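Note that this is a predicted model, so its numbers are computed, not measured.
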Amino acid sequence: MNCYDNTGKELLSYNKFTWSQGRFLWVFSELSMCEDSVVTKEEKEVFLEYAKIGVDFLSEHVFLNESKVCTYLMDREGNPIPADESGILSSSIYADFFVAAGFAKYADAAKDYKIFELAEKMYQSIRKRIEQGTYLTLPYPIPEGLRMHGIPMIFLNLSTEMYVSAAGLGLKNDVYSRDMQMFYTDILTNFVDQKHVLREMITTDNCQVDNYFGEYCNPGHTMEDIWFILKAAHYLGDRSVLPLCTEILKNVYKIGWDKDYGGFRLFVHHDGGVPHGKSAGLEKEPMFRQIEENHNNKLWWPHSEALYSFLLAYFQSGDEELLAIYREVFDYTFKLFPNPDSSVGEWIQIRQRDGRPDDKVVALPVKDPYHITRNLILIIQLLNEQAHKADFEGEEENFADKKIR
């Protein structure tokens with residue numbers, strides 16, 4: 001259960017959002033695979049047991065039909081329930097994405113081939129529905145005639161998870177490698193503009209949109225997707241995307257970083273500043289209201305994504321400007337988001353532009369143990385890799401200790 005208020009003290013609902021359950025599963029599975037120096041063997045066994053509970057719960061309750069379509073929302077017992085007055089149960093394909101990714105990670109951790117087969121069936125179902133256009137994206141429907149960056153972005157992440165899991169299980173993964181390259185090529189070719197800024201919406205025929213939706217950017221999504229791309233390209237031995245990815249990161253810092261108060265704004269115009277553009281007829285769209293009401297907020301998840309994305313890009317490119325940005329993000333993030341009471345053990349979720357806590361719901365009424373935990377795990381793994389690399393190359397001083405706080 002994770003429908004808590006922003007303080008983490010009050011449980012507001014026993015309902016279970018499916019994509020949160022998939023995220024729980026991914027995190028527990030990943031923790032069970034961490035190095036012994038990070039997570040003890042005893043802890044890893046416990047985390048794998050937690051993950052197995054998640055697998056069993058989702059396998060029993062989340063599917064609506066033989067096509068492995070997921071419900072978006074469940075009650076406490078796991079019964080599918082509609083999220084709104086439409087009565088539709090499969091109201092967001094993102095739920096399917098996160099459950100499939102969780103299954104793939106668990107399959108690798110537990111060496112469970114049956115669960116990987118289930119993830120494969122989900123993958124095929126997701127692909128078919130996207131190709132046919134028979135899917136929904138609650139809580140933010142895609143406006144007619146437009147494409148949303150989130151679809152190829154999360155599909156890239158899922159295809160990479162499938163690729164890694166298949167490799168860990170000794171299975172063929174050439175389908176996933178082709179998909180990985182297809183998705184990141186689509187993103188870098190169609191969603192990135194001439195100024196190397198990643199737009200969130202384009203037309204279905206891959207043209208820029210001359211209105212409010214076509215002109216806003218989501219810095220958190222940009223930074224998250226860049227490390228998706230860098231990881232996928234690294235697995236495929238493709239360094240050709242690195243220069244463009246580093247330019248995109250530098251540009252999202254230029255337009256997204258708040259020069260007055262620090263931190264990344266949640267939404268910005270592609271030239272920087274407050275989102276704007278032609279908005280006639282868009283006022284009732286949920287995404288429009290989301291941007292208008294929350295663009296100045298500073299949230300925990302984009303900053304955790306920034307930490308890993310800039311650090312990964314720095315180590316891959318050696319570009320010192322990326323390291324300098326990482327350090328600035330680090331200082332802001334660890335000053336503003338960890339709860340001052342260390343016994344609480346979690347971060348404050350939402351800040352106002354000037355850094356004061358803000359108590360409101362952005363997107364879903366949940367506190368997901370996902371972005372922060374995932375990125376801190378990945379950062380620890382990255383620094384360990386760099387330390388091992390430095391030792392192997394005979395460095396007199398540990399490279400990670402020397403360069404990174």
Between [X] and [Y], ring centroids under 6.0 Å:
{"X": "Tyr176", "Y": "Tyr123", "value": "yes"}
{"X": "Tyr212", "Y": "Phe288", "value": "yes"}
{"X": "Tyr72", "Y": "Phe17", "value": "yes"}

What class does the angle between the rings of [X] and [Y] fall in, given that below 30° is parallel, 30 to 60° is tilted and above 60° is perpendicular?
{"X": "His269", "Y": "His276", "result": "parallel"}
{"X": "Phe57", "Y": "His61", "result": "tilted"}
{"X": "Phe191", "Y": "His149", "result": "tilted"}

Short N-O contact, [X] and [Y], less than 4.0 angstrom:
{"X": "Arg356", "Y": "Asp354", "answer": "yes"}
{"X": "Arg178", "Y": "Asp174", "answer": "yes"}
{"X": "Arg374", "Y": "Glu305", "answer": "yes"}
{"X": "Arg353", "Y": "Asp260", "answer": "yes"}
{"X": "Lys298", "Y": "Asp358", "answer": "no"}

Between [X] and [Y], which heavy-atom pair has the shortest distance, and what is it?
{"X": "Pro369", "Y": "Val27", "result": "O-CG2, 3.1 Å"}
{"X": "Ser67", "Y": "Ser125", "result": "O-OG, 2.8 Å"}
{"X": "Ile130", "Y": "Ile151", "result": "CD1-CG2, 3.7 Å"}
{"X": "Ser59", "Y": "Val55", "result": "OG-O, 2.7 Å"}
{"X": "Phe310", "Y": "Leu249", "result": "CZ-O, 3.5 Å"}
{"X": "Ile348", "Y": "Pro340", "result": "CD1-CD, 4.0 Å"}

ring-ring contact (aromatic ring centres under 6.0 Å, His included) involving Tyr50 - partner list, sequence neighbours excluded: Phe28
Quiz question: by atom type and distance under 3.5 Å, do the side chains of [X] and [Y] form a donor-acceptor pair?
{"X": "Asp193", "Y": "His270", "value": "no"}
{"X": "Ser159", "Y": "Asp179", "value": "no"}
{"X": "Gln316", "Y": "His234", "value": "no"}

Roughly how far, to the nearest 0.5 Å, is [atom2] of [Y] from [atom1] of [X]?
{"X": "Ile202", "Y": "Cys207", "atom1": "CD1", "atom2": "SG", "value": "8.0 Å"}
{"X": "Asn384", "Y": "Glu35", "atom1": "CG", "atom2": "CD", "value": "4.5 Å"}
{"X": "Arg351", "Y": "Asn297", "atom1": "CZ", "atom2": "CG", "value": "11.5 Å"}
{"X": "Lys360", "Y": "Gln352", "atom1": "NZ", "atom2": "CD", "value": "8.0 Å"}
{"X": "Phe183", "Y": "Ile229", "atom1": "CZ", "atom2": "CD1", "value": "12.5 Å"}
{"X": "Tyr106", "Y": "Leu118", "atom1": "OH", "atom2": "CG", "value": "12.0 Å"}

Quick one, [X] and [Y] - any side-chain contact, counting heavy atoms below 4.5 Å?
{"X": "Glu292", "Y": "Phe267", "result": "no"}
{"X": "Phe228", "Y": "Ile187", "result": "no"}
{"X": "Leu58", "Y": "Phe103", "result": "yes"}
{"X": "Ile255", "Y": "Asp271", "result": "no"}
{"X": "Gln21", "Y": "Val62", "result": "no"}
{"X": "Lys44", "Y": "Asp36", "result": "yes"}
{"X": "Met162", "Y": "Leu158", "result": "yes"}
{"X": "Leu383", "Y": "Phe315", "result": "yes"}

Pair Glu215-Lys278, side-chain contact (heavy atoms from CB on, under 4.5 Å): steps then yes or no: CA-CA 9 Å; Glu215 297 190 25; Lys278 301 175 185 176; 5.9 Å; no
Check: Thr185 side chain, Met182 main-chain N or O, donor-acceptor pair, under 3.5 Å: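 Checking the backbone N and O of Met182 against the side chain of Thr185, no donor-acceptor pair under 3.5 Å is found.
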Any donor-acceptor N/O pair, Lys259 side chain to Lys254 backbone, under 3.5 Å: yes
Taking atom [atom1] as the centre, does [X] end up with more than 12 heavy-atom neighbours from other residues, nucleotides or ligands that are less than 6.0 angstrom away?
{"X": "Glu66", "atom1": "CD", "answer": "no"}
{"X": "Lys128", "atom1": "NZ", "answer": "no"}
{"X": "Lys52", "atom1": "NZ", "answer": "no"}
{"X": "Arg239", "atom1": "CZ", "answer": "no"}
{"X": "Lys121", "atom1": "NZ", "answer": "no"}

side-chain contact (heavy atoms from CB on, under 4.5 Å) between Val274 and Val268, worked out: CA-CA 5 Å; Val274 175; Val268 294; over 6 Å; no
side-chain contact (heavy atoms from CB on, under 4.5 Å) between Asn296 and Tyr261, worked out: CA-CA 11 Å; Asn296 269 334; Tyr261 295 101; over 6 Å; no
Result of checking Phe337, Phe330, Phe334, Tyr326 against His303 for ring-ring contact (aromatic ring centres under 6.0 Å, His included): Phe337
Test side-chain contact (heavy atoms from CB on, under 4.5 Å) applied to Arg199 and Cys217, step by step: CA-CA 5 Å; Arg199 309 286 186 96; Cys217 298; 4.3 Å; yes
Side chain to side chain donor-acceptor pair (under 3.5 Å) pairs, two or more places apart, involving residues 88-101: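 Found Asp96-Arg129.
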Candidate list Phe264, Trp300, Trp347, test side-chain contact (heavy atoms from CB on, under 4.5 Å), partner Thr333, passing option: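 That would be Trp347.
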Results of salt bridge (Lys or Arg N to Asp or Glu O under 4.0 Å) for Lys111 - residues two or more places apart only: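 Scan of Lys111 (salt bridge (Lys or Arg N to Asp or Glu O under 4.0 Å), adjacent residues dropped) gives Asp108.
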